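Reading through the structure tokens given below for one structure.
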Amino acid sequence: MNNPKIADAFDEIADLLEFQAANPFRVRAYRNAARKVRDLSESLAAMVDEGADLTKLDGIGKDLAEKIAELTTAGRTAMLDELRSAVPPGVLALLRIPGLGPKKAAALHKELGIVSLEMLRAACEEHKVRALKGFGDKTEEAILAGIDFAAHAQERVYWATADATVQELLAHLEGAPGVRRLEAAGSYRRGKETVGDLDLLADAPDHGPVMDRLAEFPGIAETLARGDTKMSVRLDTGMQVDLRVMPAESFGAALQYFTGSKEHNVKLRGLAKDRGLKVNEWGVFRVGKDGAEGERVGGATEDEVYTLLDLVTPAPELREDRGEFDLKQAPKLIELADLRGDLHMHTTATDGRASLREMVQAAKDRGLKYIAITDHSQRVSMAGGLTPERLREQWREIDLVRKEFDSIEVLKGIECDILERGGMDLPDDVLAEADWVIASLHYGQSQPRSQIMERLLGAVEHKHVSIVAHPTGRLINRREAYDVDIERLVAAAAAAGKLLELNANPARLDLNDQHCALAKKHGVPIVISSDAHRIEGLDVLRYGVLQARRGGLTASDVANTLSWSELKKLVGRK
DNA sequence: GCCGTTTTCGGCCCGACTGTTTTCAGTCG
């Protein structure tokens with residue numbers, strides 16, 4: 001059993017335990033473990049095989065280590081089997097309904113015997129639900145409305161999609177009377193690859209006008225809640241937007257709090273407690289001897305909050321409780337302006353929509369100093385992949401283009417397929433002539449790990465290959481990664497002096513943030529590439545930069561911040 | 001269920017909002 005499956009098992013255990021009203025901290029232990037396992041780059045199955053001490057992992061104790069061993073060897077754990085037999089399948093679906101938590105869901109199951117969304121709908125329509133203690137007619141109506149919502153609850157959207165909505169919301173709210181400051185917080189501000197809902201924070205003397213303004217936003221489906229400081233709405237797209245209106249003196253504390261992540265905040269508040277302080281969205285407070293809230297000591301800015309706890313202020317992208325509390329100084333993370341070249345793009349020669357010259361002009365317009373033209377190789381027949389003859393033809397065209405354009409270098413590249421049986425899709429003598437050779441895998445994606453790794457490692461060790469593109473192949477929300485041993489791939493790249501791509505397409509973002517951190521640890525340079533198939537495709541680099549920042553990368557960790565002549569030496573091209 | 005030079009037991013972040021209640025539990029983030 002692989003890491004994601006183990007994480008899923010722990011999450012399911014947490015859900016089931018919660019449903020049974022188990023100790024909330026025990027539930028949290030399982031959720032924490034699920035997250036740690038998901039974040040882990042090493043294969044737990046391999047660690048178990050090697051007899052590694054899993055309790056060395058943060059959040060994994062004796063009990064969870066045993067369950068991991070059980071899951072990796074037997075593919076199941078007795079505890080989960082027992083929980084599943086105790087809770088009818090379908091009951092957990094109730095928890096997806098907004099407003100239904102474990103307590104209410106358990107009451108519905110216990111009192112009315114409800115085991116599915118369909119039964120729940122019938123019970124609501126027969127008004128059996130409102131008769132239960134703790135339920136009323138409003139709850140019943142909310143559940144009925146929530147069933148349809150839960151049935152097709154949307155998944156988290158790409159950061160890029162969320163960004164478009166955020167910009168519209170901010171532009172709309174800026175017009176509200178009295179608004180002094182406006183920020184988008186939450187996972188959006190942390191630059192997470194997907195965003196579930198939007199958190200907006202406003203500094204205004206009075207909450208009324210700002211909330212009224214939000215209510216007028218075109219595309220609001222309904223208002224979910226509205227109080228003195230907090231308002232929640234749902235957009236037509238299904239996305240939820242939470243607005244908080246806070247006074248200026250609390251703005252920093254509020255921004256810190258609503259930026260999260262949850263795990264970061266839990267840790268932060270624990271650290272505050274150790275220091276005799278309390279942190280909430282209103283500020284930082286001393287705690288009296290009797291535990292009562294004491295003097296307020298700060299909270300106007302985020303820096304103030306962190307400084308009061310003797311911490312450096314981590315960039316929002318780093319706030320995931322993945323070591324940011326140990327920072328002695330804040331790293332200067334990479335920025336979009338640091339990128340000087342783009343080394344992965346397509347033209348009409350294969351499946352691109354813009355011609356060679358159009359791509360060069362568009363790249364030059366965007367201030368890029370060098371680009372590599374990297375169309376597909378012949379194996380990718382659906383895209384009209386290039387044979388050696390057609391590739392050489394394109395390179396002759398590039399010779400001409402080089403004379404037509406100044407102030408941008410155009411490199412002769414290729415995105416060469418790694419064949420299903422292993423080996424490269426073009427002969428060595430052709431690859432030897434290229435300035436830049438990308439190796440990537442498009443076919444045989446469901447092969448077992450051993451085969452996938454043989455292909456990837458073969459490419460890494462190939463003398464003419466510069467880099468492996470979209471190394472895991474995952475498509476966010478759509479396709480799982482190939483079965484890649486990322487730890488081994490990174491180690492091999494380090495040994496061979498090769499580079500790895502961070503593909504900036506919002507649907508790929510491959511490598512992911514944790515993989516970037518792993519590459520940095522091994523000293524493997526990352527190249528952030530657009531993989532553009534049209535002119536506008538060149539504009540995705542910013543999403544790659546966000547992902548790189550989440551991995552803690554600085555400009556010196558990213559190879560296309562170098563000039564081409566520096567980068568050429570790095571990859572050993574003549 | 002995890003964790004620990006203050007602890008191997010007793011902690012484990014904190015507050016807003018809603019609905020169903022007459023003071024609070026449940027849910028959510």
Side-chain angles (χ1 to χ4, degrees), chain A residues 10 13-14 17-18 21-36 54-68 79 94-108 129-143 146 185-188 195-201 207 211 223-234 240-246 250 253-254 256-285 287 291 293 299 305 309 321:
Chain A
F10 285 162
I13 289 175
L17 284 174
E18 196 168 38
N23 176 348
F25 297 106
R26 191 178 171 214
V27 174
R28 195 164 94 186
Y30 278 98
R31 293 214 193 281
N32 276 340
R35 184 167 165 276
K36 294 287 178 199
L54 300 181
T55 63
K56 291 265 182 358
L57 298 170
D58 198 27
I60 306 293
K62 182 167 167 289
D63 191 275
L64 285 170
E66 279 169 16
K67 290 206 170 59
I68 290 172
M79 181 195 187
L94 305 185
L95 297 175
R96 291 205 309 269
I97 296 171
L100 269 196
K103 296 277 166 54
K104 281 200 160 77
L108 289 167
V129 170
R130 65 178 58 181
L132 296 182
K133 183 170 156 53
F135 292 75
D137 48 357
K138 287 206 175 169
T139 305
E140 190 177 80
E141 286 166 23
I143 290 173
S187 56
Y188 170 80
V195 175
D197 55 19
L198 302 178
D199 299 286
L200 305 178
L201 183 61
H207 65 270
M211 293 184 177
T223 298
L224 301 169
R226 179 168 170 167
D228 289 341
T229 69
K230 184 179 166 185
M231 176 174 178
S232 295
V233 302
R234 178 143 43 233
Q240 183 172 327
V241 180
D242 296 328
L243 169 69
R244 291 292 295 255
V245 185
M246 302 291 281
S250 296
Q256 191 288 318
Y257 174 52
F258 295 115
T259 296
S261 63
K262 182 176 175 168
E263 291 80 6
H264 176 89
N265 285 353
V266 167
K267 183 74 168 279
L268 182 92
R269 291 171 179 210
L271 292 172
K273 212 167 197 175
D274 296 343
R275 290 164 170 75
L277 296 169
K278 185 176 78 168
V279 177
N280 59 29
E281 62 262 54
W282 299 95
V284 182
F285 303 84
V287 178
E293 185 169 301
V305 174
L309 302 179
D321 187 23

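The chains referred to below are lettered A, B, ... by the order of the sequence lines, with proteins before strands, and numbering in each begins at 1. Please read all numbers here as calculations on a predicted model, not as lab measurements.
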With [atom1] as the reference atom in both, quote the distance from [N] to [M] in angstrom, rounded to an integer.
N       : M       : atom1 : result
dT18(B) : dG11(B) : C1'   : 31 Å
dT22(B) : dC3(B)  : C1'   : 41 Å
dC17(B) : dT23(B) : C1'   : 16 Å
dT21(B) : dG26(B) : C1'   : 13 Å
dC9(B)  : dC14(B) : P     : 25 Å
dG4(B)  : dT8(B)  : P     : 13 Å
dG1(B)  : dT6(B)  : P     : 28 Å
dG19(B) : dC12(B) : P     : 31 Å

Rounded interatomic separation in angstrom, taking [atom1] from [X] and [atom2] from [N]:
X         : N       : atom1 : atom2 : result
Lys267(A) : dC3(B)  : NZ    : P     : 11 Å
Glu263(A) : dC2(B)  : CD    : C1'   : 16 Å
Trp282(A) : dC14(B) : CH2   : P     : 16 Å
Asp199(A) : dC17(B) : CG    : P     : 14 Å
Asp274(A) : dG10(B) : CG    : P     : 19 Å

Under 4.0 Å between any heavy atoms, over every strand shown, what does [X] touch: base, sugar-phosphate, or nothing? Just pick one.
X         : result
Val27(A)  : nothing
Asn265(A) : nothing
Leu268(A) : nothing
Lys62(A)  : sugar-phosphate
Pro24(A)  : nothing
Leu271(A) : nothing
Tyr30(A)  : sugar-phosphate

Exercise. Given Asn265(A) and Gln256(A), is the side chain to side chain contact (heavy atoms under 4.5 Å, CB included) satisfied, shown in steps?
Worked result: CA-CA 8 Å; Asn265(A) 285 353; Gln256(A) 191 288 318; 3.0 Å; yes
Looking at [options], which one has an atom nearest to any side-chain atom of [X]?
X         : options                   : answer
Asn280(A) : dA16(B), dT18(B), dG15(B) : dG15(B)
Tyr257(A) : dG29(B), dT27(B), dA16(B) : dG29(B)
Lys230(A) : dC13(B), dC17(B), dG1(B)  : dC17(B)
Lys278(A) : dG29(B), dG15(B), dG26(B) : dG15(B)
Arg269(A) : dG1(B), dC13(B), dC17(B)  : dC13(B)
Thr229(A) : dC17(B), dG29(B), dG1(B)  : dC17(B)
Lys104(A) : dC12(B), dG26(B), dG1(B)  : dG26(B)
Ala225(A) : dC17(B), dC13(B), dA16(B) : dC17(B)

For this session: Taking the six-membered ring of Phe135(A) (Phe, Tyr or Trp), confirm whether the NZ or CZ of Lys104(A) is under 6.0 Å from its centre and within 45° of its axis.
Result: yes
Problem set entry | Interatomic distance, Glu66(A) atom CD to Met79(A) atom CE [nearest 0.5 angstrom] |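 Spacing of CD (Glu66(A)) from CE (Met79(A)) equals 12.5 Å.
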Problem set entry | N/O (side chain, Arg28(A)) to phosphate O (OP1/OP2, dC13(B)) under 4.0 Å | yes
Exercise. Should we count CG of Asp137(A) as having more than 12 external heavy atoms under 6.0 Å?
Worked result: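 Yes, the 6.0 Å shell around CG holds more than 12 heavy atoms from other groups.
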Problem set entry | Identified pairing partner of dT8(B), criterion: Watson-Crick or G-U wobble below 3.5 Å | none
Between N or O atoms, less than 3.5 Å apart, protein on one side and nucleotides 19-22 of chain B on the other: list the pairs.
from    : atom 1 : to        : atom 2 : distance (Å)
dG19(B) : O3'    : Thr139(A) : OG1    : 3.0
dT20(B) : OP1    : Gly136(A) : N      : 2.6
dT20(B) : OP1    : Gly136(A) : O      : 3.2
dT20(B) : OP1    : Asp137(A) : N      : 3.4
dT20(B) : OP1    : Thr139(A) : N      : 3.2
dT20(B) : OP1    : Thr139(A) : OG1    : 2.8

Exercise. For Lys67(A) and Gly99(A), take the nucleotide of DNA chain B holding the closest heavy atom to each; which residue's nucleotide lies nearer the 5' end?
Worked result: Lys67(A)
Exercise. Asp58(A) or Leu224(A): which one's nearest nucleotide on DNA chain B is closer to the 5' end?
Worked result: Asp58(A)
For this session: Among Lys103(A), Arg31(A), Arg26(A), find the residue that satisfies the side chain to side chain donor-acceptor pair (under 3.5 Å) test when tested with Glu18(A).
Result: Arg31(A)
Note, [X] side chain near [Y] side chain (heavy atom, < 4.5 Å):
X         : Y         : value
Val241(A) : Leu200(A) : yes
Phe10(A)  : Asn32(A)  : no
Leu243(A) : Lys230(A) : no
Thr229(A) : Trp282(A) : yes
Val284(A) : Lys278(A) : no

Problem set entry | Heavy-atom donor-acceptor pair, Asn23(A) side-chain to dG1(B) base, under 3.5 Å |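 Indeed there is one.
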Problem set entry | Syn or anti for dT7(B) (syn when the glycosidic angle lies within 90° of 0) |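 Classified syn.
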